[in-house]
Structures are given as structure tokens and as C-alpha cells.
2 protein chains.
Amino acid sequence: MPVRNKCCEQWLHGKFKGCGYKVTTGRQAILDILHKANKHLSAEDIYLKVHNIYPAAGLTTVYRTLEILEKMGMIYKFDFGDGRARYELSEGEKGENHHHHLVCTNCNQVVDYTDFIDKEVKLLKETERELSKKYNFSINNHLIQFYGLCEKCKSK
Amino acid sequence: MPVRNKCCEQWLHGKFKGCGYKVTTGRQAILDILHKANKHLSAEDIYLKVHNIYPAAGLTTVYRTLEILEKMGMIYKFDFGDGRARYELSEGEKGENHHHHLVCTNCNQVVDYTDFIDKEVKLLKETERELSKKYNFSINNHLIQFYGLCEKCKSK
DNA sequence: TTTGCAAATGACAACCGTTTTCATTATGAA
DNA sequence: TTCATAATGAAAACGGTTGTCATTTGCAAA
């Protein structure tokens with residue numbers, strides 16, 4: 001029964017209730033995994049890990065939970081080109097942990113980088129403002145990825 | 001028998017031969033479609049259009065051709081989040097036609113924008129240089145997409 | 001032009017990540 | 001504790017994409 005601490009659980013209940021969802025053992029376990037993970041996990045990655053600490057959980061529930069977490073804005077879903085979606089916790093209130101991706105097109109390794117983010121984000125905000133005016137979009141997210149070959153794959 | 005002009009065909013033969021591929025009617029038809037298309041086509045979109053001008057072509061061939069065109073760097077493959085890949089011709093030698101995407105997360109409409117590209121690309125080049133040094137990647141592409149709600153979906 | 005052979009093709013099946021279905025179980029408000 | 005309702009697991013269905021294999025085609029060499 002993987003529950004971290006009361007404070008967090010309270011907060012979770014509030015957040016979930018606000019969106020019309022219930023807090024269940026499975027959902028807590030999945031959030032737990034995502035908090036601990038330092039990589040970009042696929043649904044199956046998560047399923048296998050959840051299964052360790054809470055064997056009753058099924059793959060379907062993992063998919064369903066990821067879907068509502070994304071809808072709630074608590075996680076982001078990425079496509080790195082290997083045919084399965086990857087998930088990671090979204091950054092906190094103040095945008096801490098915000099990063100972009102560097103993807104190896106050969107081995108699919110993904111590097112999170114935060115370097116140069118400030119300059120990038122500044123320009124992005126500006127672009128965002130101009131684009132939303134010109135095209136009448138309300139923009140609420142962006143995706144930046146660089147593609148190339150990592151050190152290993154380069155030397156082959 | 002969809003062949004545009006001799007010059008182009010010559011050039012194609014050279015390009016394909018250089019990569020060890022043959023120029024076939026189906027491949028020419030698919031390139032034709034991509035040239036004429038002003039939208040981001042899915043494999044099935046292309047299949048249906050090719051089927052009109054060259055009914056012998058099958059969906060498998062479309063996928064195989066798209067695969068080699070991507071490998072040759074002649075087209076880019078995108079994921080806009082609707083469960084199927086989208087394809088478009090890559091920009092020319094001098095980067096003309098380079099653009100980024102504005103994606104509606106509700107109706108999946110995609111707007112290509114070239115506004116502000118210059119400033120963006122300048123910063124990107126710089127970032128690219130620094131990232132490749134720091135992480136030992138050889139970077140050869142980037143993806144920038146903004147997500148939000150288009151005019152129609154916003155007002156609902 | 002003809003020939004020969006490797007590459008390309010189409011029909012169809014297989015694949016595999018994801019979603020749906022449905023009967024059962026768990027949550028949380030009363 | 002009770003109860004309506006949301007959440008769940010197992011299994012089947014789904015759908016975009018890839019693999020298989022017998023046949024056809026492109027094209028270089030004769």
C-alpha cells in the first residue's frame with residue numbers, strides 16, 4: 001500500500017476531487033513511480049514497476065491513469081519516435097524542472113537539458129505572444145527537441 | 001503515368017541511384033503528391049491520392065517509399081498526436097520553406113508558420129552548437145511545435 | 001533490343017501499442 | 001455502515017504500421 005505522506009495525500013485528494021476523480025491505490029502508485037523516475041517511462045515501464053509494489057494493477061489502469069493525469073496537466077506525453085509514448089511529470093508551479101530534449105535518432109536515448117533554457121524560453125514567450133495574436137490561438141505549451149546522433153552512435 | 005518533366009526525372013534518378021534505390025512509377029507518383037500537397041499528409045492520405053493517378057499502388061508501397069524518402073532526408077515525419085504519422089517534403093538546399101508548427105490539441109489542425117523563424121533559427125543554431133559540444137551529439141535537426149486551441153475550438 | 005537478376009511491388013497476415021467492453025470491486029459521501 | 005457511482009482487471013477489439021512471399025519491374029550489360 002504505497003502512500004508517501006499524509007500531506008501529499010491530502011493535496012492529491014483535493015486535486016483529484018476538483019477534477020471529479022477519486023484517489024485510488026493504483027493511481028497513487030503510478031504517481032509514486034513517476035515521482036521517483038528520472039527517465040521518460042513508457043506505459044509498459046510504468047506497468048512493470050507498479051506491478052512490483054502493487055501487483056493487482058493492470059496495464060489498462062496504467063493507460064487510463066496516464067490519460068487523466070495528462071488531462072489534469074500533471075504529466076506530459078512525448079513521442080521520441082520509437083513507437084511508444086513516454087511520460088514525465090510536468091514541472092511545478094514556478095516552472096522549476098522545465099527542460100527540453102536531445103534525442104538520438106539511432107538508439108533513441110534522450111537527454112534532458114536545462115542549459116540555455118532561459119534564453120530559449122524568453123524568445124519562446126515572445127514568439128508565443130505574437131503567434132497567438134496572429135493566428136488566434138490560445139497557446140499553452142510548447143515542444144522543443146533536437147535530433148542527432150549520440151556519442152556512441154556517432155562513432156559507428 | 002505521372003511524370004512531371006525530364007529534368008526532374010534525371011535529377012531523381014541521380015539522387016535515388018546515389019542512395020542505391022531505383023526510380024519507379026509508384027515512387028514518382030508519391031513524390032508528386034507530396035510536392036502538390038500543401039498540408040501534412042498521412043500515409044493513408046497519400047495512398048488514396050496516389051491510387052487516383054496510379055491505381056496499381058498499394059498502401060505497403062506508400063509506407064516503404066515514405067521510409068526511404070525519410071532515410072534520404074527528402075521528407076520529414078511528424079507526430080501531431082492523432083495516432084498517425086504525417087509527412088512533408090523537407091526544405092530545399094538553402095532552407096527555404098523552413099517552418100515550425102502550431103498545433104490545436106482539440107481538432108488537430110496544424111498551422112505552419114514562418115513568422116519569427118529567423119530569430120528562432122538564429123538562437124537554435126547557437127543552442128545547437130553549445131549542446132553538441134556539451135553532450136557530444138552531432139545534431140542535424142530540430143522540432144519546434146506550439147500547442148494550444150485554435151480559434152474555433154477556443155470559443156467552445 | 002533483349003536478357004538477367006536484384007530490387008520493388010501488392011495482397012495479405014502479423015504485429016504491437018493502445019482503447020473498448022463488461023462484469024466485478026473499491027471509493028467516499030451520506 | 002450503506003449505497004450510488006466511479007474505477008478496475010481481463011480479454012477482446014482496434015488501427016496504424018511492418019513483415020512475408022510469390023510475382024513483377026527497372027535498368028545495366030550484352
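Only this structure's heavy atoms are used, side chains among them; waters, hydrogens and symmetry mates stay out. In the text below, chain A, chain B and the rest are named by the order of the sequence lines, each starting its count at 1.
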Any donor and acceptor pair, going by atom type alone, linking the side chain of A:Thr105 with main-chain N or O of A:Gly148 inside 3.5 Å?
yes
In this structure, how many angstroms lie between the P atom of D:dG26 and the CD atom of B:Gln10, rounded?
17 Å
Among the candidates C:dT18, D:dG26, C:dG10, find the nucleotide nearest to the side-chain atoms of A:Tyr63.
C:dT18
Picking from C:dG10, D:dA7, C:dG17, the nucleotide nearest the side-chain atoms of A:Glu44 would be C:dG17
Grab the CZ-C1' distance between B:Phe80 and D:dG16 for me, whole Å please.
17 Å
Candidates D:dT8, C:dT18, C:dA8 - which lies nearest the side chain of B:Tyr21
C:dA8
Quick one: is B:His13 getting a side-chain N or O under 4.0 Å of the D:dG26 phosphate, OP1 or OP2?
no
Could you state the atom-to-atom distance from CD1 of A:Ile68 to P of C:dT18 in whole Å?
17 Å
Give me the atom names and distance for the closest heavy-atom approach of A:Asn108 to A:Gly81.
OD1-C, 4.3 Å
Could you give the CD-to-P distance, from A:Gln28 to C:dT27, as a whole number of Å?
9 Å
Over how many whole Å does the gap from B:Arg86 atom CZ to D:dT17 atom C1' extend?
15 Å
Closest to the B:Arg64 side chain: C:dA29, D:dT17, D:dT20?
D:dT20
Taking everything shown except B:Glu44 itself, do over 12 heavy atoms lie less than 6.0 Å from its CD?
no
Closest to side chain of B:Tyr54, choosing from C:dG10, C:dA29, C:dG28
C:dG10
First encountered from the 5' end of DNA chain D, between A:Gly26 and B:Arg84
A:Gly26
Pick the closest DNA chain C nucleotide for A:Ala43 and for A:Lys22 by heavy atoms, then say which residue is nearer the 5' end.
A:Ala43
Take atom CD of B:Glu70 and atom P of D:dT17, then tell me their distance rounded to the nearest Å.
12 Å
Please determine, for the side chain of B:Thr60, which listed nucleotide (D:dT8, C:dC12, C:dA7) has the closest atom?
C:dC12
Which is more 5' along DNA chain D, the nucleotide nearest B:Tyr87 or the one nearest B:Lys17? Just name the residue.
B:Tyr87
Under the 3.5 angstrom rule, does the side chain of A:Asp45 hit a backbone N or O of A:Ser42 as a donor-acceptor pair?
yes
OP1 or OP2 of D:dT17 versus the side-chain N and O atoms of B:Ser42: is any pair under 4.0 Å?
no
Examine distances only and state if a side-chain atom of B:Lys154 and a backbone atom of A:Asn136 form a donor-acceptor pair shorter than 3.5 Å.
yes
B:Arg27 side chain N/O closer than 4.0 Å to the phosphate oxygens (OP1, OP2) of C:dA8?
yes
Write down the distance between CG (A:Leu59) and P (C:dT20), rounded to a whole number of angstrom.
14 Å
From C-beta outward on A:Thr25, which listed nucleotide comes closest to its side chain: D:dT17, C:dT27, C:dG10?
C:dT27
Checking the side chain of B:Ser90 only, and the main-chain atoms of B:Met74 only, is there a donor and an acceptor separated by less than 3.5 Å?
yes
Heavy atoms only, 4.0 Å cut-off, all strands: where does B:Thr24 land among base, sugar-phosphate and nothing?
sugar-phosphate
When rounded to whole Å, the CD to C1' distance for the pair A:Glu67 and C:dT19 reads 9 Å
